[in-house]
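A, B, ... follow the sequence lines: proteins, then strands. Residue 1 opens every chain.
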Amino acid sequence: MNAEIRPMRTPAEQGLSGELKNLPLTGDARVRALREAAAQAFNDNGLPHRRVEEWKYTDLRTLMREALPISSPAQSAQVEAHARLLIDTGARRLVVANGALVPELSDLADLEPGLSIAPLGTALAAGGDLVARLGTLEPGRYDAALALNTALAADGVVIAVAAGAVIERPVHVAHVFSGKAAASFARNLVVLGEGAGLTYAESFEGPEGVAYQVNSATEFVVADEASLDVVRMQEDGASALHLSTLLFEVGKGVKLNAFGFASGAAVARTSLYARLDGADSAVAFNGAILLKDRQHADSTLFVDHRTTGCESRELFKHVLDDSSRGVFQGKIVVRQPAQKTDGRMMSRALLLGDDAEMDNKPELEIFADDVACGHGATCGAIDDDLLFYLRARGIPLKEAQSLLVQAFVGEAIETVANDELRDALVARAEAWLKARA
Amino acid sequence: MAMLDIDNLHAKIEGEDGKEILKGLSLKVNPGEVHAIMGPNGSGKSTLSYILAGKEDYEVTEGSVTLDGEDLLEMAIDERAAKGVFLAFQYPIEVPGVATMTFLRSALNAQRKKRGEEEISTPDFLRLVKDKAAGLGISQDMLKRGVNVGFSGGEKKRAEILQMAVLEPKIAILDETDSGLDIDALKIVSEGVNALRSPERGMIVITHYQRLLNHIVPDFVHVMHKGRIVRSGGKELALELEANGYAEYQQDAA
């Protein structure tokens, strides 16, 4: 007889299961079924722990001590005061506070032809073809953070760009948390029609010293020949728990360039799933992560090459001060039909603190025989010879370190095409370094 | 009092069993003087330059170095630079991601700040660099690139001289600036160095070969061997070394 061995449920798991008894009511029968299936999956599997391979370095079962009540709507005035990230970039800003779009703080006027934006809650209530795409992107494995999001997220933003429409002005979804410690869930859906173009930015921020929890998931459906730039900035408060999931479905001939900057949250995990369904697309997933104190940030990627001639590039840079910990897990799967795949993955870490730790886990699974794939990982301190050279020219130690760290993360930040967003990222990195000095 | 006064300097590689490299070296450099230090490989020439610049891999066990009467060995690396010490590296280092212009400006302003001077204005800085770069055949494109990144050997050496020209040190130490240069590059670099000769500035030119000293004519030539200066003379000493080689000194030591 096989007895199923199940670990004791933690207080957090019990609390979350309690929340899952009251699923949001928005959405049609399909959405309702998705929510119920996700809730069931969570009840069956619980929070992942270190014996679950994809969460080996981020033992969520241990790191997430308790389940917090789901946040109530935030007060606009408070939110307005807190929403500071990427404000001067000229982007069209949509504010999502505690998981809900706040129309009065969002720039919803004069949408460019071909661009449509709606709160997820409203879109679900109305139904239609667009929201029929929600929840159709699957990671192909149980992902606790995504399951909780699917089950519990009631709002977020739905953005659609019609075929052929190229939207010049970036759309920025500013996730802001305010108020007492609580859990917030937001779900976004971004759909690009054939040949459409969009720069999509999302940022996360909230108060310091409040142990709030953010769970965000964004699905990107990118049709053939479309062009999508994604820029993320995760600056949640230093006591926060940040979980986010990005799912991409990529058609043929697509140009996709995603970049993530992060220096926030006590514990952060970003999971990225990209399914390359169409031929000859070029995708890039890059990141710059700057951590200090005891911060922990995990970037886990799964790039699935399913057809011919696609190019994928990953470049992640971690700067780790004090006793912070960075995790990079990058998996590239090249399926048998995906001949002529060109995949390159690189993770580089700069350890500034004596007790800092970097865990790199690159994985390549290649079933096709005519591909060029490679990966690399480096970890180290700042090169002493470089430091000596700068100091010998009169640049003091801290400033020399800052210049070198800036150069180090700059290589990744430079991949962002939009000038204003890139400048904002550079400024953020500089501010981080200045605070350190 | 000499501007730079190195007295009975003993130094070893840092660590328990560190090998002693400098064994009682003394040298005085006055403003306006150019001193050439020649010697066979392994005589400690580069070590001397590193110790003067403040590299942390060495330990001074005896002796002293003063610059204008101040104890140089007590100063941090960047402090020495601000006081006017400049080392032109034998192998200039590539600094990817830090543009040459940013680097020069950070260095110049850091030194000025340390000396209690105002930061240089952007137009003044641009003009300064443009003037100095033109004479050394350094293009605007090179200035925008990362420091020394993708530069040829000759370009790296020219870039070092540009840094020196912008930073205007009191005492410049040129460590085998001629190594890896063809004759044309050597001329450009030498002209750059000669342009920086001034009554206020001292120079130490370290070289293995006499060739460089045809272009940068020294006031004094010293022969270094086994961590000490074993002979000093005028510029004619370099020609003698060129004719006879270092064998004489190596035999003495044997």
Side-chain angles (χ1 to χ4, degrees), chain A residues 259 261 286-290 315-319 346 348-350 352 376 378 380-416 419 422-423 425-430 432-434 436-437, chain B residues 14 49-58 75-100 102-115 117 145-149 156 159-160 162-164 166-169 172-173 175:
Chain A
F259 176 84
F261 179 95
N286 303 321
I289 293 105
L290 290 76
L315 174 64
F316 273 73
K317 299 272 189 127
H318 283 80
V319 178
M346 177 56 81
R348 291 190 190 280
L350 206 49
L352 299 180
T378 61
I382 296 181
D383 188 325
D384 280 338
D385 288 335
L386 283 176
L387 271 182
F388 175 62
Y389 191 62
L390 268 64
R391 296 180 74 195
R393 295 297 176 255
I395 302 172
L397 179 62
K398 285 273 182 186
E399 197 184 330
Q401 286 177 334
S402 290
L403 270 175
L404 294 172
V405 172
Q406 236 166 280
F408 176 79
V409 295
E411 191 194 348
I413 296 177
E414 273 168 25
T415 61
V416 173
D419 291 339
R422 191 179 57 247
D423 289 349
L425 294 166
V426 169
R428 196 76 198 174
E430 280 174 6
W432 187 89
L433 285 164
K434 203 164 262 176
R436 182 181 175 267
Chain B
E14 204 169 49
S49 71
Y50 281 144
I51 288 173
L52 293 176
K55 199 162 204 270
E56 282 151 342
D57 307 345
Y58 304 95
M75 296 178 201
I77 303 166
D78 49 284
E79 207 181 335
R80 297 179 193 205
K83 292 277 183 191
V85 175
F86 181 92
L87 168 63
F89 283 60
Q90 182 178 2
Y91 303 107
I93 291 168
E94 297 192 7
V95 193
V98 180
T100 304
T102 311
F103 176 68
L104 280 172
R105 193 166 181 180
S106 302
L108 183 59
N109 279 334
Q111 291 199 15
R112 285 178 165 233
K113 204 169 141 191
K114 195 134 227 157
R115 293 193 292 258
E117 298 165 15
R145 271 192 267 162
V147 176
N148 294 323
V149 176
K156 283 181 183 172
E160 290 288 288
L162 172 65
Q163 291 177 28
M164 181 164 122
V166 169
L167 297 172
E168 301 188 306
I173 304 141
D175 187 9

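- Of all heavy-atom pairs spanning A/Leu403 and B/Val98, the tightest one is O-CG2, 3.8 Å.
- Counting non-hydrogen atoms of other residues, nucleotides and ligands closer than 6.0 Å to NZ of B/Lys55 gives a total above 12.
- Rounded to the nearest 0.5 Å, atoms CD (B/Glu94) and OH (A/Tyr389) are 10.0 Å apart.
- In plain terms, the two heavy atoms of A/Pro396 and B/Ala110 that are nearest each other are CD-CB, 3.7 Å.
- Looking at A/Arg393, its side chain does come within 3.5 Å of a backbone N or O of B/Leu87 through a donor-acceptor pair.
- In the displayed structure, B/Tyr58 atom OH is contacted under 6.0 Å by more than 12 heavy atoms of other residues, nucleotides or ligands.
- In this structure, A/Ile395 CD1 and B/Phe103 CZ are separated by 5.0 Å, a value rounded to the nearest 0.5 Å.
- A distance of 8.5 Å separates CZ of A/Phe388 from CG of B/Asp57, quoted to the nearest 0.5 Å.
- A pairwise comparison of heavy atoms in B/Pro96 and A/Ala407 identifies O-CB, 3.3 Å as the closest pair.
- The most heavy-atom pairs under 4.5 Å with chain B, out of A/Asp383, A/Asp385, A/Leu404, A/Leu397, come from A/Asp385.
- Contact annotation for B/Ile93: both backbone and side-chain heavy atoms come within less than 4.5 Å of a heavy atom of chain A.
- For B/Glu79, no part lies under 4.5 angstrom from a heavy atom of chain A.
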**OP:** Could you give me the CA-CA distance, side-chain angles and deciding distance for B/Glu56 and A/Arg391, then say whether side-chain contact (heavy atoms from CB on, under 4.5 Å) is met?
**Re:** CA-CA 12 Å; B/Glu56 282 151 342; A/Arg391 296 180 74 195; 3.5 Å; yes
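- Of the atoms belonging to A/Glu399, it is side-chain heavy atoms, and not backbone ones, that fall under 4.5 Å from chain B.
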